Number of protein chains: 4
Amino acid sequence: MKKKMNTQDAIVEAAFTLIARHGLKGTSLSMIASEVGISKPAIYYYFPSKEELVDYLFHIVFDDHHFSAYFSINEYTKENFEKRLITDGVRYFEEYKHNSPALKVVHEFVLSAAQKPKYEKKLKSIMEQFLEGFEALLSYGVELGVISSKNTKVNAHSLALIIDNLGNFMILGIEMDYKKIWETAVSNVMKGSERF
Amino acid sequence: MKKKMNTQDAIVEAAFTLIARHGLKGTSLSMIASEVGISKPAIYYYFPSKEELVDYLFHIVFDDHHFSAYFSINEYTKENFEKRLITDGVRYFEEYKHNSPALKVVHEFVLSAAQKPKYEKKLKSIMEQFLEGFEALLSYGVELGVISSKNTKVNAHSLALIIDNLGNFMILGIEMDYKKIWETAVSNVMKGSERF
Amino acid sequence: MKKKMNTQDAIVEAAFTLIARHGLKGTSLSMIASEVGISKPAIYYYFPSKEELVDYLFHIVFDDHHFSAYFSINEYTKENFEKRLITDGVRYFEEYKHNSPALKVVHEFVLSAAQKPKYEKKLKSIMEQFLEGFEALLSYGVELGVISSKNTKVNAHSLALIIDNLGNFMILGIEMDYKKIWETAVSNVMKGSERF
Amino acid sequence: MKKKMNTQDAIVEAAFTLIARHGLKGTSLSMIASEVGISKPAIYYYFPSKEELVDYLFHIVFDDHHFSAYFSINEYTKENFEKRLITDGVRYFEEYKHNSPALKVVHEFVLSAAQKPKYEKKLKSIMEQFLEGFEALLSYGVELGVISSKNTKVNAHSLALIIDNLGNFMILGIEMDYKKIWETAVSNVMKGSERF
DNA sequence: GATGAATGAGCCTTCATTCAT
DNA sequence: CATGAATGAAGGCTCATTCAT
């Protein structure tokens, strides 16, 4: 699959794998180097410091991790709204099931954010953007008349909280009916949902 | 208040504060020793190794962090159920607002859990116990007739997911109407809640 | 001679010897440690960093290297002035002959001063203090009537320049009649010296 | 002026500038390469090793730094001797004022000489040649009858010591009346100088 | 002529840990 | 109870150097 990968990509991939396994601080350049099969200083040919390598990972991870990558608002219609919201959400947290290193690394960053102001700011904005994404989507649903106009913000935030944490619980391997939980959450924000 | 704290407690407290600030790996025994004002080897008098100190912290933290510490099911009645569920929940995540070291340390453990099987098991069980706590509480609500008998498990998990993540978002300093979100979540699981 | 020297002193001495031989940058903590016969981190028990060790050496060296350590103005009289000035000077640069590490280290600092502003300031003040020392001494000679009142400052500076550089040349092992040169220099500043 | 300088010269010039600023050991090939705007291995095309590059600089520096470059004995006459000696000397150490990299590099070499026998020998001979230059010049003055025949060697060495150290003090930025000092020194060796 | 890629050696520093006292 | 003194292992990083292209 990746016979002749270039060194830089190999470093990045190894870094992902190792950070997912041992954490940001628990992963040393030596470990990365030996995983890639190169010498330690070789890493410095591609990244000026460990910090910049980590920054690079940060960007890679979060450039793919934005609301519109999972929920494309322009494909939502009056007819498919609820269904679409459900399937998009499922698609989102199912990714966690496959346990990709990238997702664990996201968690590393979330945690380290509390200690590194540099990441904190960026991360906060990413999460806020997620919240705003849900808000925009629900507002659109209100426009379409499929969602009650009340409490749009609170509902959006609720959905965000649930879907985000579903991923966290999945990583820990806690068993719950993820799909049903999400369906119920979505249903709760829909106008005159089938619950009644 | 803590004039003559014994050394062991001082170590534990310093460890909490520092781990909250610098993370598990970012906190060294030197830092703890100098924070307490003792010599490094002194720590070894009380804890055979850093790992065992951390284990001790783990137990302290999670012995206080169980469902019934926040939600005392036996104080719930037909009349106060919803209100009580709301106020208990608010009390739970408001603790995060005060940014207590203990809570940040909980997060450290949650994260390191993914890397240390030893913690993973314990942590999983703690979280599952939380889930079960909500299940038991809601079941009791069903018994009391204030909660619909449908989807108890899903509803319980939804509440758990929301309240847990409200804390996470608070730590990051993301602004949302925490109380309203929780109220809505609770209201959604109540039978014939005021929303309708 | 120094069978049971304490570790700190041993480190300092080794540092002197090695810096004299290999220069400031050419001397590593490993070298010092192995010269002393201890492990590298042991040095950190006594000095928080290489830089602070070097600073310490700087102070040791220059605390002994001030004008009054060689020329005690209060012992100069009308009668012994010239003789005393000569012998004190000889005593000064004869020290260089024994090639003590400390003196070579002085030279290292003088050189590194051009690159490290921190040392530059201190060093400049030390040298200026030397210049002022000669000025004060010659002024005293004027008072005593053994030195012409003309050009005191220039004469003082000339003496300083000569005596300082005599040491430099000695270190390089260049052969010259050091004593005679100094005698002549002193004689030149004396009033009605025997030369005429 | 140096639009299309060839690479070798660019390397040499960059090396001079950087060594003047950071010292011999403090200057790495990477620094030189990036200053010149070439790749590190490119330097190896012109110089087989850092050591040989340094050797080359050594020769460049000291090929220009010899007595006759500053004092052209054949232009000295009975009439202009003193004046000429003064102006030539001033010209010599005024070069230090402009802080040319080459001069700082000279100092680097002087210092490293104490550590590298290879340079020590060469440097010693250069300095001795300076001493001999002054001796020859003063001998010529004796021939011309403008300088007393006594103590020629000592006088020559005194002049050398003073003029050399004037440069050193200048580099450190110590303020003194450089010109006057040199004038006095010259005057002291002249026969029946105006001092009397 | 010059470079991209890589390396072994070595540097300063920190860490968890030990042990005699 | 507690410390002073010390250590092996490891971490991030830089350096001079090499070599195929």
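The structure presented is a predicted model; accordingly, all values stated were derived computationally and were not measured. Letters go in sequence order (proteins before strands), and every chain restarts at 1.
Within residues 52-61 of chain C, no residue approaches DNA chain F, by heavy-atom distance under 4.0 Å.
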Using a cut-off of under 3.5 Å, enumerate the N/O to N/O pairs linking the protein to nucleotides 15-19 of chain F.
residue, atom, partner, partner atom, Å
dA16(F), OP1, Lys50(D), NZ, 2.7
dA16(F), OP2, Leu29(D), N, 2.8
dT17(F), OP2, Tyr44(D), OH, 3.0
dT17(F), OP2, Lys50(D), N, 2.8
dT17(F), O5', Tyr44(D), OH, 3.2

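Of the residues listed (Phe47(A), Tyr46(A), Phe16(A)), the one engaging Tyr56(A) in a ring-ring contact (aromatic ring centres under 6.0 Å, His included) is Phe47(A), and it is the only one. Here the options are Glu35(A), His22(A), Arg21(A), the test is side chain to side chain contact (heavy atoms under 4.5 Å, CB included), and the partner is Thr27(A); only His22(A) passes. Checking Ile11(B), Val12(B), Leu24(B) one by one against Leu57(B), the side chain to side chain contact (heavy atoms under 4.5 Å, CB included) holds for a single residue, Val12(B).
The pair Lys25(C)-Glu108(C) fails the salt-bridge criterion, with no side-chain N (NZ, NE, NH1 or NH2) lying under 4.0 Å from an Asp/Glu carboxylate O.
Residue Ile38(A) contributes atom CD1, which lies 11 Å from atom P of dG8(E) at whole-angstrom precision. Counting to the nearest Å, the C1' atom of dG11(F) and the CD1 atom of Ile32(A) are 12 Å from each other.
Using a 4.5 Å cut-off on side-chain heavy atoms (C-beta onward), Ile32(A) and Lys50(A) make no contact. A 4.5 Å side-chain heavy-atom check between Lys104(D) and Ile19(D) finds every atom pair outside the cut-off. Considering only heavy atoms from C-beta on, Asn168(B) stays 4.5 Å or farther from Val110(A) through its side chain. At least one side-chain heavy atom of Phe62(A) sits less than 4.5 Å from a side-chain heavy atom of Val106(A).
A close approach under 4.0 Å does not occur between any side-chain nitrogen or oxygen of Tyr46(A) and OP1 or OP2 of dG4(E). Between Tyr45(D) and dG1(E), a side-chain N or O to OP1/OP2 separation shorter than 4.0 Å is absent. For dG1(E), neither phosphate oxygen OP1 nor OP2 lies less than 4.0 angstrom from any side-chain nitrogen or oxygen of Thr7(D).
Stem regions for DNA chain F, each three or more consecutive Watson-Crick or G-U pairs with both distances under 3.5 Å and listed by first number, read E:2-21 with F:2-21.
Heavy atoms from other residues, nucleotides or ligands lying under 6.0 Å from NZ of Lys121(A) number 12 at most.
Phe58(D) and Phe109(D) have perpendicular rings, their planes meeting at more than 60° on a 0 to 90° scale where under 30° would count as parallel.
Between the side chain of Ser34(C) and the backbone N or O of Gly37(C), no donor-acceptor pair lies under 3.5 Å.
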